2 protein chains.
Amino acid sequence: MLNITLKQLRYFEALRLHEHFGRAADACAVTQPALSVQIKELEQTLGLALFERSARHVRLTSFGETVAERVSDILRSIDELSDVARAAEAGLSGRLRVGIIPTIAPYLLPTLIPNLRGAFPDLEGQFRETQTPRLVQELQDGRLDCAIVALPLLEAGIEELPLFEETFLLVRSEREAGTPVPRVEALGRENLLLLEDGHCFRDQAMAFCKVQSSEPREGLDGSSLSTLVQMVGAGIGMTLIPEMAARVEARAAPISLSRFEGRVPGRSIGLVWRKTSPLADQFRELAQVIKTAGLDALDEAECQ
Amino acid sequence: MLNITLKQLRYFEALRLHEHFGRAADACAVTQPALSVQIKELEQTLGLALFERSARHVRLTSFGETVAERVSDILRSIDELSDVARAAEAGLSGRLRVGIIPTIAPYLLPTLIPNLRGAFPDLEGQFRETQTPRLVQELQDGRLDCAIVALPLLEAGIEELPLFEETFLLVRSEREAGTPVPRVEALGRENLLLLEDGHCFRDQAMAFCKVQSSEPREGLDGSSLSTLVQMVGAGIGMTLIPEMAARVEARAAPISLSRFEGRVPGRSIGLVWRKTSPLADQFRELAQVIKTAGLDALDEAECQ
DNA sequence: TGTTTAGCATTAGATTTTCTTATCAAGGTT
DNA sequence: AACCTTGATAAGAAAATCTAATGCTAAACA
């Protein structure tokens, strides 16, 4: 049983253009019999003559013409495949699905997105904001390409690359501004407002503040940093906030922000991906851009 | 240097669908290593990973997805090639460029065209009406596929297949109706109207009528049979007309038609094509249809 | 926490395909 | 009629591709 091969189509195209077996063969860098045989096999496979051979001329048959149109389309598509590859090879390109935790996304993305466009113009970033466990799941399912989360994850099969560190600031109501900053470890006894369960930032904050219970505490859990800050502004308690979010959130409520002294709480933000992903190299490139964007966002947050 | 092959694309497609090397290999009726190697080579050629392999899953990379769309298009086109061939193989189809001499075309085509459509629905006939030498030239240049001409041509490299014979009738002015029909050989001395130079029918008529001079004779050469008949109707002389044209032309002028007695002039009409044409078999099929149409046209012409 | 299993990669040797070289045959040309 | 030109064919060489056997890694299991 015979099969059409691309080689045959390439030879066919050359013969169509040169109308001469010898010259077409030269153009293909093979000998004339090699080309003759392949053309013959193509004709056998198709069951019809593609060329009319006479001593003087080699000409397409009318069937050959019909085939020729399709063949040049096919060959063009094949060559485009390599082009697509070359373009993609140049750097990150195409669709990239990035997960980001909610305590980073709103503060990082405004800086990151324009930077990404500048660094990888052919990259279409699709951002998904949700909590770490879900991000990990989607990463493992192949629904995300990578994610920006707090390290360490220590998930099997997931590669982690640290991007930057950010500290946590204390958010108190405005009237507490200037009063001494309590030690982090002491916060557990205060009216500490936390994100609702599932947010990694909740766990991180709790760890620092030596809060034991992970029970939901009515009225003290917020669904976003904004909510928490608003609650603090309303005098309900105090909370921690990642450095990066500080400036944005502080503007929106009557609160005071303080750095901790002594043991400073903080976390490491990193880029993670499946160990098996062939994009690893590209992710390292990407990390540079995210890192820069992150540090920029931190700087901006600093200048409040 | 590596090259993309259709085999690689077929394996790629299978792997994309099965997301499993072993099963994809089964589907392609090869062993798993064979498929693995080809996929790897395709990735090497393109310079980028198409699939992400983990212990659990085989998944397209985002680059792989881009490639996949194009690849299925390509494979579809390839399969269509065979379809095109199968359709064409069934019989005459596609464009067919047919030359016809002017003393046949107007009388044969009205019958032939509908018959052709009936016999070969997928055939698109393109008819070119001009004189024999030009038809032969165009045939040899590959600008025509075949031609309907008077035989014999005796051109090197041209195959001839007789279709039917037609006799020539004498056309005289109406008032000569009933008067004895002269012998063909005697016509040379009459006011014999002929087609202008280049028409084979002119030469055929001259041969029968023993006219020697092939010089243009002012006022006695017409550019078409219609013109000649009109001239006869106007009483300018007499002429010969092929049987097939008789009825159509007789209707348009006050003339009388007579059959010759004794040596009856006539000619053989045949289909001709380049000996090298791979369509020879199809032309023989085609000849049957033309023959039938020709005999029909003759019959009709008869019943005047 | 070691063991097993699943599944892709790798290797070596066999097989098939494709190529080159040499030669033929058919049409034109001189 | 001898001679080119040019495509087809044949035989052996080279290259590509396959199978079979095996390795390796990561997940699943016990």
Side-chain angles (χ1 to χ4, degrees), chain A residues 1-12 14-16 18-45 49-61 64 136 140-142 154-159 274-278, chain B residues 1-12 14-16 18-45 49-61 64 140 155-159 274-278:
Chain A
M1 174 247 185
L2 291 171
N3 240 319
I4 295 178
T5 68
L6 276 186
K7 195 174 295 192
Q8 289 169 356
L9 299 191
R10 289 236 144 84
Y11 291 0
F12 168 81
L15 184 53
R16 174 176 80 79
H18 288 92
E19 297 194 326
H20 186 288
F21 279 75
R23 284 191 282 277
D26 275 354
C28 297
V30 292
T31 55
Q32 168 262 315
L35 188 131
S36 280
V37 167
Q38 290 302 319
I39 295 292
K40 192 181 164 194
E41 292 205 342
L42 181 57
E43 289 179 324
Q44 265 173 24
T45 309
L50 293 165
F51 293 95
E52 180 183 327
R53 293 98 155 140
S54 70
R56 187 135 310 280
H57 293 293
V58 174
R59 266 192 294 261
L60 278 179
T61 61
V136 170
Q140 282 167 336
D141 291 351
L154 303 178
E155 284 283 337
I158 299 285
E159 178 109 10
R274 287 184 300 280
K275 274 193 176 132
T276 54
S277 170
Chain B
M1 173 248 185
L2 291 171
N3 240 319
I4 296 178
T5 67
L6 278 186
K7 195 175 293 191
Q8 289 169 356
L9 299 190
R10 290 234 143 85
Y11 291 179
F12 168 80
L15 184 53
R16 174 176 80 80
H18 288 91
E19 296 194 326
H20 187 287
F21 279 75
R23 286 191 281 279
D26 276 353
C28 297
V30 292
T31 55
Q32 169 262 314
L35 189 131
S36 281
V37 167
Q38 290 302 319
I39 294 292
K40 192 181 164 194
E41 291 205 341
L42 180 57
E43 288 179 326
Q44 265 173 24
T45 309
L50 294 164
F51 293 95
E52 180 184 327
R53 293 97 155 140
S54 71
R56 186 137 312 278
H57 294 293
V58 173
R59 266 191 294 261
L60 278 177
T61 61
Q140 282 168 336
E155 284 282 338
I158 299 285
E159 178 110 9
R274 287 184 301 281
K275 274 193 176 130
T276 54
S277 171

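In what follows, chains carry the letters A, B, and so on, assigned in the order in which the sequence lines appear, proteins first and then strands, with residues in each chain numbered from 1. Because the structure is a prediction, the values reported are computed rather than measured.
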Give the nucleotide from the list [options] with an atom nearest to the side chain of [X].
| X | options | answer |
| --- | --- | --- |
| A:H20 | D:dT19, C:dT20, D:dT6 | D:dT6 |
| B:T5 | D:dC18, D:dT17, D:dT9 | D:dT17 |
| B:E41 | C:dC8, D:dA8, D:dT17 | D:dT17 |

Nearest-Å distance, [atom1] ([X]) to [atom2] ([N])?
| X | N | atom1 | atom2 | result |
| --- | --- | --- | --- | --- |
| B:E52 | C:dC8 | CD | C1' | 14 Å |
| A:Q32 | C:dC24 | CD | P | 15 Å |
| A:I39 | C:dC19 | CD1 | C1' | 15 Å |
| A:L35 | D:dG7 | CG | C1' | 11 Å |
| B:R274 | C:dG27 | CZ | P | 15 Å |
| A:H57 | C:dG28 | NE2 | P | 10 Å |
| A:D26 | C:dC19 | CG | P | 14 Å |

Which part of the nucleic acid does [X] contact within heavy-atom distance under 4.0 Å: base, sugar-phosphate only, or nothing?
| X | result |
| --- | --- |
| B:F51 | nothing |
| B:K40 | sugar-phosphate |
| B:Q38 | sugar-phosphate |

Please check: side-chain N/O of B:E43 versus main-chain N/O of B:F51, any donor-acceptor pairing under 3.5 Å?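 Here the side-chain-to-backbone pair exists.
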Any chance you could measure A:L42, atom CG, to A:N3, atom CG, to the nearest 0.5 Å?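 The distance works out to 11.0 Å.
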Taking only side-chain nitrogens and oxygens of [X], does any of them come within less than 4.0 Å of OP1 or OP2 of [N]?
| X | N | result |
| --- | --- | --- |
| A:K7 | D:dA16 | no |
| A:Y11 | C:dC19 | yes |
| B:R53 | C:dG7 | no |
| B:S36 | C:dC8 | no |

Which atoms form the tightest heavy-atom contact between A:G64 and A:F12, and what is the distance?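 Heavy-atom minimum between the residues: O-CZ, 3.7 Å.
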Test side chain to side chain contact (heavy atoms under 4.5 Å, CB included) applied to A:K7 and A:V30, step by step: CA-CA 11 Å; A:K7 195 174 295 192; A:V30 292; over 6 Å; no
